[in-house]
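Before any comments, here is the structure.
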Amino acid sequence: MEIKKMLRFFLKLILGFVSFLLVYILGAFLLPKIPVNADVKQEGKTIPIYILSNGVHTDIVLPVKNHLFDWTKNIKYENTIAKDSTAQLIAFGWGDKGFYLETPTWADLKFSTALKAATGLSASAIHATFYKSLKENDRCKKIFVSESEYQKLVSFINNSFQLDSDNFMKIETNAVYGKHDAFYEAKGKYSVFHTCNTWTNNSLKAANQRAAFWTPTDTGIFYHYKK
């Protein structure tokens with residue numbers, strides 16, 4: 001009798017997981033196609049920003065400094081290996097801290113890291129990367145925003161950082177991706193419902209730009225920038 005109860009329990013568990021997976025996949029396919037700010041006006045937009053993807057993960061890219069905001073006050077060139085002060089752009093990517101620091105390639109992915117990330121059990125981090133320039137392509141979209149929209153975007157990104165006496169908290173690690181990047185402690189928890197791309201999508205929403213209703217993937221963002 002006990003064996004039958006256990007079998008029924010595991011069967012319900014499996015069916016519940018499969019049902020969740022199917023609903024999640026359906027939502028991940030349909031919800032990104034629902035537009036937000038689809039009728040945003042283009043007048044008065046002079047500040048260039050970029051949406052950048054590596055094929056899986058997205059960053060939002062802004063000018064390093066302009067008359068509205070100077071990122072180098074908190075994200076210093078000296079925090080990178082290159083210490084190159086000629087960079088004109090800075091990319092921000094939010095994500096799971098374990099993925100960022102412990103998974104340089106997919107081959108290095110541990111089950112424990114994936115489980116923590118999927119269930120929101122680990123901390124998050126912001127990956128900041130300096131660029132001298134970017135070129136538009138299928139994975140890099142340039143758009144223009146107004147000054148008020150830019151200030152909203154800056155506020156959203158600033159509010160994603162953990163602070164220590166009003167300073168961004170740099171993560172001391174050798175697990176950087178190149179010579180022009182650094183990691184910082186971030187607010188929030190990564191999960192299957194709030195991914196790195198969800199964060200980028202939310203940053204676009206905050207700046208009143210075209211975005212998806214919700215998306216866990218980069219394709220959900222770029223769907224609204226096909227033209």
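Every value quoted in this text rests on a predicted model; they were computed, and no experiment measured them. Every heavy atom of this structure was used, including side-chain atoms; hydrogens, water molecules and symmetry mates were not.
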Tell me if a side-chain donor or acceptor on Q162 pairs with a main-chain N or O of E185 at a distance below 3.5 Å. no
Within 6.0 Å of CG in N137, more than 12 heavy atoms from elsewhere: yes
Is it the case that one hydrophobic cluster holds both F156 and I75, taking links as side-chain heavy atoms less than 4.5 Å apart, direct or via other members? yes
Quick check on the 6.0 Å ring-centre criterion: do Y177 and H127 meet it? yes
Looking at every heavy atom in both V145 and I49, which two are closest together, and how far apart are they? CG1-CD1, 3.8 Å
Nearest heavy atoms of T217 and T219, plus distance in Å: OG1-OG1, 3.0 Å
Taking the side chain as C-beta and beyond, is there a heavy-atom pair between K189 and D96 under 4.5 Å? no
Any luck finding a side-chain donor-acceptor pair between N79 and Y184 under 3.5 Å? yes
Please test V176 against I81 for side chain to side chain contact (heavy atoms under 4.5 Å, CB included), starting from the C-alpha separation and ending with a verdict. CA-CA 9 Å; V176 291; I81 295 173; 3.8 Å; yes
Within the 4.5 Å heavy-atom criterion, are P63 and Y150 side-chain neighbours or not? yes
When rounded to the nearest 0.5 angstrom, what is the spacing between CD in Q209 and NE2 in H224? 13.5 Å
Gap between atom CG of L26 and atom CG of L31 - 0.5 Å precision: 8.0 Å
Is it the case that one hydrophobic cluster holds both F161 and V154, taking links as side-chain heavy atoms less than 4.5 Å apart, direct or via other members? yes
Looking at F69 versus W71, is the centre-to-centre ring distance below 6.0 Å? yes
Worked check of side chain to side chain donor-acceptor pair (under 3.5 Å) between T195 and T198: CA-CA 5 Å; T195 69; T198 309; 3.1 Å; yes
Between H67 and E147: side-chain donor-acceptor atoms closer than 3.5 Å: yes
Please tell me whether L134 and V56 are part of a single hydrophobic cluster in this structure, the criterion being side-chain heavy atoms less than 4.5 Å apart. no
Show the numbers, then the answer: is there a side chain to side chain contact (heavy atoms under 4.5 Å, CB included) between I143 and K141? CA-CA 6 Å; I143 61 177; K141 177 65 178 178; 4.0 Å; yes
Salt-bridge test for D84 and K132: reply yes if a basic N is under 4.0 Å from a carboxylate O, no otherwise. yes
So, does K76 use its side chain to make a donor-acceptor pair with the main chain of K73 at under 3.5 Å? yes
For the side chain of E102 and the backbone of F99, is there at least one donor-acceptor N/O pair under 3.5 Å apart? no
To the nearest 0.5 Å, what is the distance between CG on L30 and OG1 on T215? 11.5 Å
Atom pair OG (S203) and CD1 (I221), whose distance is rounded to the nearest 0.5 Å: 7.5 Å
Taking atom CZ as the centre, does F20 end up with more than 12 heavy-atom neighbours from other residues, nucleotides or ligands that are less than 6.0 angstrom away? yes
Candidate pair D59 and W94, rule side chain to side chain contact (heavy atoms under 4.5 Å, CB included), full reasoning: CA-CA 8 Å; D59 287 351; W94 178 96; over 6 Å; no
Going by the angle between their ring planes, with limits at 30° and 60°, are F130 and Y77 parallel, tilted or perpendicular? tilted
Taking the six-membered ring of F213, is the NZ or CZ of K205 close enough (under 6.0 Å from the centre) and on axis enough (within 45°)? yes
Which heavy atom of A207 sits nearest to which heavy atom of L153, and what is that distance? CB-CB, 3.9 Å
Exercise: identify the closest heavy-atom pair between A91 and Y131: CB-CE1, 3.7 Å
If you look at every heavy atom in N37 and L204, which pair is closest and at what distance? ND2-O, 4.5 Å
Short side-chain to backbone donor-acceptor contact, T80 and K83, under 3.5 Å: yes
Assigning hydrophobic clusters by single linkage (Ile, Leu, Val, Met, Phe, Trp, Tyr; side-chain heavy-atom cutoff under 4.5 Å), is F168 placed with I126? yes
To the nearest 0.5 Å, tell me how far K152 NZ sits from S146 OG. 7.5 Å
Are any side-chain N or O atoms of Y24 and backbone N or O atoms of V192, one a donor and one an acceptor, separated by less than 3.5 Å? yes
Is the charged tip of K170 near the ring of F183: under 6.0 Å from the six-membered ring centre and within 45° of its axis? no
Under 3.5 Å: donor-acceptor pair, side chain of Q88, backbone of T86: yes
Taking the side chain as everything from C-beta on, heavy atoms only, tell me whether H57 gets closer than 4.5 Å to C196. yes
When you measure from the side chain of W214 to the backbone of N201, do you find a donor-acceptor pair of N or O atoms at a distance under 3.5 Å? no
K33 NZ: over 12 foreign heavy atoms closer than 6.0 Å: yes
Would R210 and V36 count as a side chain to side chain contact (heavy atoms under 4.5 Å, CB included) here? Give the steps. CA-CA 6 Å; R210 283 180 286 162; V36 174; over 6 Å; no
Would a line drawn from the ring center of Y190 to the ring center of W199 be shorter than 6.0 Å? no
Taking atom types as modelled and ignoring hydrogens, do the side chains of N197 and T58 form a donor-acceptor contact shorter than 3.5 angstrom? yes
Going by atom types alone, do S53 and D218 pair a side-chain donor with an acceptor below 3.5 Å? yes
Would you check if the side chain of S19 reaches a backbone N or O of L15 as a donor-acceptor pair within less than 3.5 Å? yes
Do L101 and I171 have side chains that approach each other closer than 4.5 Å (heavy atoms only, starting at C-beta)? yes
Could you give the distance from OH (Y225) to NZ (K142), rounded to the nearest 0.5 Å? 14.5 Å
Same apolar cluster: I47 and L62, side chain cutoff 4.5 Å: yes
Side chain to side chain donor-acceptor pair (under 3.5 Å) assessment of N167 paired with S165: CA-CA 5 Å; N167 296 315; S165 300; 5.7 Å; no
Heavy atoms only: give me the nearest P32-P216 pair and the separation to one decimal. CG-CD, 4.5 Å
